[in-house]
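Below: the structure, in structure tokens.
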Amino acid sequence: MTREFFGPETVARPGKPLVIAIDGPSGSGKSSVSKEVARRLKLAYLDTGAMYRALTWYCLKTGVDLHDGAAVEHASKTMPLEVSTSTSKEYVAVDGTDITDEIREPLISSSVSAVATTLGARTELIRRQRELIGQHHHRMVVEGRDITTVVVPNAEVRMLLTASEEARLRRRGIQLGGTQTKEQLAAQVIQRDAKDSTVVNFTQAADGVVTLDSSDLNFEETVDTALAIVSKVIYGD
């Protein structure tokens, strides 16, 4: 029923707020799944992880010590950031410079946790995320690590997308086009999750958050299951 109800590019709850908050660990597939859910429901899409990566790039580019919390917080407030909220084009720019590809490079991936665990910087980026949600009239799929619990705990739909460690490592390797070694993948997925979990819990669902385990699901099955969750939460289907 869900596939028919939420057919290709269906407008869900027209004229009403619909924020779908999706959290999950690295490599769980939350970015690709969230983007497809947004596309099918004609909602805006926000990858909050890209914002933390952009701030990491900005700090490195301007010589900010990533372990200087005050300096990183200041950078988060002065960074001239542009981020796409479209499902059709990924675009991240700082001060007019397109860094969409650069923020996915190993240097950024290995450094981003230092920024993401700086509480002052998190507070500023959360402020920006909420501002973007408001600009889109609270009709957006927002994905990250603290979306269901901190950024929009009152979202209409809250979901935790998870998967086994083996599945997450495999997916991240495919996502990066086979450019990373096994050690680099482990650093990006396992070690980064361990660091980030010191400031936010994204491995266990909070009250009212629905868990979607995609370990044994392919992409289409995961998207269909996510849409079924949306339908059940909103319409009781």
Contacts of [X] that satisfy side-chain hydrogen bond (donor to acceptor under 3.5 Å, both in side chains) - sequence neighbours left out:
X	value
Gln129	none
Thr100	Asp98
Asp213	Ser215
Glu221	none

Could you tell me which residues satisfy side chain to side chain contact (heavy atoms under 4.5 Å, CB included) with [X], sequence neighbours excluded, listed by chain and number?
X	result
Thr123	none
Arg13	Lys16, Leu18, Arg139, Glu156, Ile234, Tyr235
His136	Ala44, Thr85, Met140
Ser84	Ser86, Tyr91

**Prompt:** Should Leu161 and Met159 be counted in the same cluster of Ile, Leu, Val, Met, Phe, Trp and Tyr side chains packed under 4.5 Å apart?
**Reply:**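 Yes; tracing contacts between hydrophobic side chains, which count when under 4.5 Å, links both residues.
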Just distance, no hydrogens or angles: give the donor-acceptor pairs under 3.5 Å from side chains in residues 68-75, sequence neighbours left out.
from  : atom 1 : to    : atom 2 : distance (Å)
Asp68 : OD1    : Ala70 : N      : 3.3
Asp68 : OD1    : Ala71 : N      : 3.2
Glu73 : OE2    : Lys77 : NZ     : 3.2

**Asked** Heavy-atom distance under 4.5 Å between the side chains of Leu41 and Ile20, does that happen here?
**Response**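 A side-chain contact under 4.5 Å exists here.
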**Asked** Do Glu36 and Val33 come within less than 4.5 Å of each other through their side chains, counting heavy atoms only?
**Response**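 The answer is no; the side chains never approach within 4.5 Å.
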**Message:** Do the side chains of Arg127 and Glu124 get close enough for a salt bridge, i.e. N-O under 4.0 angstrom?
**Reply:**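 Looking at Arg127 and Glu124, the cut-off is met.
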**Request:** Decide, yes or no, whether a salt bridge links Arg40 with Asp224 under the criterion of side-chain N to carboxylate O below 4.0 Å.
**Result:**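 Salt bridge: yes.
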**Item:** Inter- and intrachain pairs under salt bridge (charged side-chain N to carboxylate O under 4.0 Å, His left out), touching residues 80-97, at least two apart
**Value:**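 The answer is Glu90-Arg104.
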**Request:** Assess the side chains of Thr117 and Arg122: does a donor N or O sit below 3.5 Å from an acceptor N or O?
**Result:**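 Thr117 vs Arg122: no donor-acceptor pair found between side chains.
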